[in-house]
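Here is the structure we will look at, set down as structure tokens.
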Amino acid sequence: MPEGHTVHRLARTLTGLFAGEPLAVRSPQGRFDAGAALLDGATLVGAEAWGKQLFCRFDARGAEERWLRVHLGLYGAWTFAGDGSADVVHAIGAPRRRIGERETAAPPRPPVSGAAVPGPGTGSGEWEVPEPRGAVRVRLLGEHAVADLTGPTACEVLTPAEKAAVEDRLGPDPIRPDGGRGSLQAARAAFVARVGRSRVTVGQQLMDQAVVAGVGNIYRAEVLFRAGVDPLLPGRDVPAEDLERIWDDLVVLMRDGAATGRIVTTRPEHRDDGGAPDARDGTASLGPDRRRTRQNTDDDPDAVPAHEAFYVYHRDGLPCRVCGTPVLLKELAGRNLFWCGACQS
DNA sequence: CCGTAATGGACAG
DNA sequence: TGTCCCTTACGGT
């Protein structure tokens, strides 16, 4: 997925597109019919993120507020279309979903086989509401835009109490202004204390959303490399100063990711690998934008090429950017862990 | 056409 | 630790 930075971006996008508007809520796929009925016609007050959890607040006149909770899981994604009155990235979520991103540069998609419902129209921008594409769990339709959700791990309507219960199980979030613990200092202290009192490896704990919310496999691998910490070290054996540096680095890296839509962890001096392709994925001949590791990027020509964005993630077998030792790969708790055995020891 | 990977997580035992 | 779920796009046949 979509690590935490993506979800924070999504919250901002949804708020920008829909906040203050009553929305038509549907489940074209049918699996969310009951939930959609609860929300249909309610006003989207705003969206927020905590780690990888997305919460959209709906107010229906006279009724108690409702929260739509969405978790994208490994391959959930939102795609957007609209009249262009709001500036949005057109697809956010699973990396394979590139169609939406191409639409960013492409002219507005023509209506599909005349079946599309005409949009309400806004005076300035006429637009056609596109047919749902694929298995759309939820469609949010407003005056100026439509948002389609596919493939989520979780999609449900919650009461305020139920939303609070979900949040209670989440660790501090480096992207939230107060870290989700009242202040960034308190959030860092909570993280350091929690990791430091467990024998579970620091590599596993970083993937535990109760320890720190929003970190996924990429940030896990990259932040440990940047800190020079061995992922297999038990948390209690990692010096507190290292854990503090890891937290502070997550704040920087993840907020940068939320701002740009990309994860880039390499420092400029470590990026020039001569344009070497990602040798592992056998896509060397496909060109720089078709490698296995792809990002949801804004169309920024100055963006760091994907194959130079990481130190170790998906680079097993390739020489470490810093010391040249081959990057290691090991399956840990069902997920691939990448690290440099020399730099991280 | 089919198998598989993918930045995740819940649940059983 | 293993199993299952969610969906898409890609490479290989």
- [ ] Could you state the atom-to-atom distance from CD1 of A:Ile175 to P of B:dT7 in whole Å?
- [x] 18 Å
TODO: Classify the nucleic acid contact of A:Arg137 as base, sugar-phosphate or nothing, counting any heavy atom under 4.0 Å across all strands shown.
DONE: sugar-phosphate
Using a cut-off of under 3.5 Å, enumerate the N/O to N/O pairs linking the protein to nucleotides 9-13 of chain B.
residue, atom, partner, partner atom, Å
B:dG9, OP1, A:His71, NE2, 3.4
B:dG9, OP2, A:Lys52, NZ, 3.4

Task: Euclidean distance for C1', B:dT7 against C:dT1 (whole angstrom) - done: 23 Å
Task: Length of the CD1-C1' vector between A:Ile218 and B:dA6, whole Å - done: 10 Å
Task: Distance, rounded to the nearest Å, where A:Glu331 contributes CD and B:dT7 contributes P - done: 11 Å
Task: For atom CG of A:Leu332 and atom P of B:dT7, their distance in whole Å - done: 14 Å
Open item on the list: It should be established whether A:Arg133 places a side-chain nitrogen or oxygen under 4.0 Å from OP1 or OP2 of nucleotide C:dA9.
Closed with: yes
Open item on the list: Rounded to whole Å, please give me the gap between CG in A:Leu74 and C1' in B:dA5.
Closed with: 9 Å
Task: Gap between atoms OH and P, on A:Tyr313 and B:dA6 respectively (whole Å) - done: 6 Å
Task: Closest contact, heavy atoms only, A:Asp230 versus A:Val202 - done: O-CG1, 3.5 Å
Open item on the list: Looking at B:dT7, I'd like to know if its phosphate oxygens (OP1 or OP2) sit under 4.0 Å from a side-chain N or O belonging to A:His5.
Closed with: no
For residues 33-42 of chain A, which side-chain donor-acceptor pairs fall under 3.5 Å, sequence neighbours excluded?
residue, atom, partner, partner atom, Å
A:Asp40, OD1, A:Val25, N, 2.9
A:Asp40, OD1, A:Arg26, NH1, 2.9
A:Asp40, OD2, A:Arg26, NH1, 3.1

Task: Student check: side-chain heavy atoms of A:Pro174 and A:Phe191 closer than 4.5 Å - done: no
Task: Pairing of A:Arg57 and A:Asp59 as salt bridge, 4.0 angstrom limit - done: yes
Open item on the list: Regarding A:Gln29, tell me which of base, sugar-phosphate or nothing describes its non-hydrogen contacts under 4.0 Å with the strands shown.
Closed with: sugar-phosphate
TODO: In whole angstrom, give me the gap between the P atoms of B:dA10 and C:dT8.
DONE: 22 Å
- [ ] Starting at atom CZ of A:Phe338, determine the distance to atom P of B:dA5, rounded to an integer number of angstrom.
- [x] 12 Å
Open item on the list: Whether the A:His314 and A:Asn336 side chains hold a donor-acceptor pair (N or O, under 3.5 Å, no angle test) is what I'd like checked.
Closed with: no
Task: Electrostatic pair A:Asp248:A:Arg245 at N-O distance under 4.0 angstrom - done: no
- [ ] Would you mind reading off the distance between A:Asp316 atom CG and B:dA5 atom P, rounded to a whole angstrom?
- [x] 13 Å
Task: A:Glu48 and A:Trp50 side chains, donor-acceptor separation under 3.5 Å - done: no
Task: Interatomic distance at C1', B:dG9 relative to C:dA9, whole Å - done: 22 Å
